[in-house]
Amino acid sequence: MADTNGGRGNPGMSGPVRAEADRPTVESLASIGPAAAPAAADAGDCGEHPGIVIRQGPTGPRAALCDGPDVWEVIVAMHAVHDEDPARQGERLRSELCIVTGLTVVQVSAVLDYYAAYPKDVDERIAANDEAAQRAQRPPAVGGLPAG
């Protein structure tokens, strides 16, 4: 499938319409811990997840901060921060993520809460973006079209 969103991929996110019973567990985020209650309250009610909106685009809907980047972009940064120092977990990871991204604790908490609810959707978008970036790096095939 052709990528038409600057390498963001097309994961077919269905999270916001997924039934409550189909939501994944949050074991993947156990090391980060729950977001502070005041953070969610201060983020503003932008739908089911305070501080998060669903933006429409050429590759389909994607979760994003009301006043910031897409959720997947922040989660990519989180993985990079953790990979740099695997011992950095919980509040240390959250604090470093704020520094690296320039986001507030409220914004990071909103992203992590959303990711805890929909890790599969966010991870699929990240994988699709990685695949699109790899395709873009391939040398052109005969006729100027990318190989693959």
Side-chain angles (χ1 to χ4, degrees), residues 1-20 22-33 35 39-40 43-44 46-148:
M1 178 177 285
D3 178 68
T4 58
N5 195 22
R8 292 180 188 226
N10 185 6
M13 181 166 54
S14 60
V17 296
R18 185 183 308 159
E20 186 77 24
D22 292 339
R23 288 195 180 168
T25 62
V26 296
E27 283 95 20
S28 63
L29 291 179
S31 67
I32 294 177
C46 295
E48 180 181 345
H49 292 275
I52 302 292
V53 295
I54 303 301
R55 293 185 181 146
Q56 298 299 320
T59 62
R62 64 191 191 280
L65 284 164
C66 290
D67 54 354
D70 289 354
V71 167
W72 73 267
E73 293 170 309
V74 179
I75 297 304
V76 166
M78 180 193 73
H79 290 310
V81 166
H82 184 262
D83 290 348
E84 184 179 285
D85 181 2
R88 191 179 289 141
Q89 296 182 14
E91 286 306 313
R92 283 187 59 221
L93 179 60
R94 186 186 307 271
S95 295
E96 185 65 20
L97 190 54
C98 290
I99 292 167
V100 167
T101 62
L103 298 172
T104 67
V105 172
V106 171
Q107 291 171 311
V108 168
S109 295
V111 166
L112 296 177
D113 287 346
Y114 186 88
Y115 186 55
Y118 303 110
K120 182 177 181 249
D121 294 330
V122 176
D123 290 342
E124 286 174 356
R125 183 163 288 278
I126 291 169
N129 183 63
D130 289 347
E131 183 180 308
Q134 288 175 1
R135 276 195 314 269
Q137 295 298 318
R138 291 184 194 139
V142 177
L145 298 175

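- Note that the OH atom of Y114 and the CD1 atom of I54 stand 4.0 Å from one another [nearest 0.5 Å].
- The side chain to side chain donor-acceptor pair (under 3.5 Å) search around E131 returns R135, not counting sequence neighbours.
- By the salt bridge (charged side-chain N to carboxylate O under 4.0 Å, His left out) test, D85 is found to be paired with R88, R92, residues two or more places apart in sequence or in another chain being considered.
- Residues L65 and V71 have side chains not in contact (no heavy-atom distance under 4.5 Å, counting atoms from C-beta outward).
- Here the side chains of Q107 and V111 are not in contact, with every heavy-atom distance at 4.5 Å or above.
- Residues V108 and C98 approach most closely at CG2-SG, 3.7 Å, considering heavy atoms.
- Taking the side chain as every heavy atom from C-beta outward, L103 and L97 never approach each other to under 4.5 Å.
- When all heavy atoms of R62 and Q56 are compared, the pair lying nearest together is NH1-O, 3.8 Å.
- In this structure, NE2 in H49 is found 12.0 Å from SG in C66, a value given to the nearest 0.5 Å.
- Summarising the local packing, CD of Q137 is surrounded by 12 or fewer heavy atoms from other residues, nucleotides or ligands at distances under 6.0 Å.
- Scanning for side-chain contact (heavy atoms from CB on, under 4.5 Å) contacts around V76 gives W72, I126, with sequence neighbours left out.
- Nearest heavy-atom pair, R55 versus P69, reported as atom, atom and distance to 0.1 Å: NH1-C, 4.4 Å.
- Counting only residues at least two apart or on different chains, no salt bridge (charged side-chain N to carboxylate O under 4.0 Å, His left out) pair has a member in residues 96-109.
- Considering CZ of R94 and CE of M78, their distance stands at 10.5 Å, rounded to 0.5 Å.
- Legend: residues meeting side chain to side chain donor-acceptor pair (under 3.5 Å) with T101, ordered by chain and number and at least two apart, are absent.
- Closest approach of G51 to A110, counting heavy atoms only: CA-CB, 4.4 Å.
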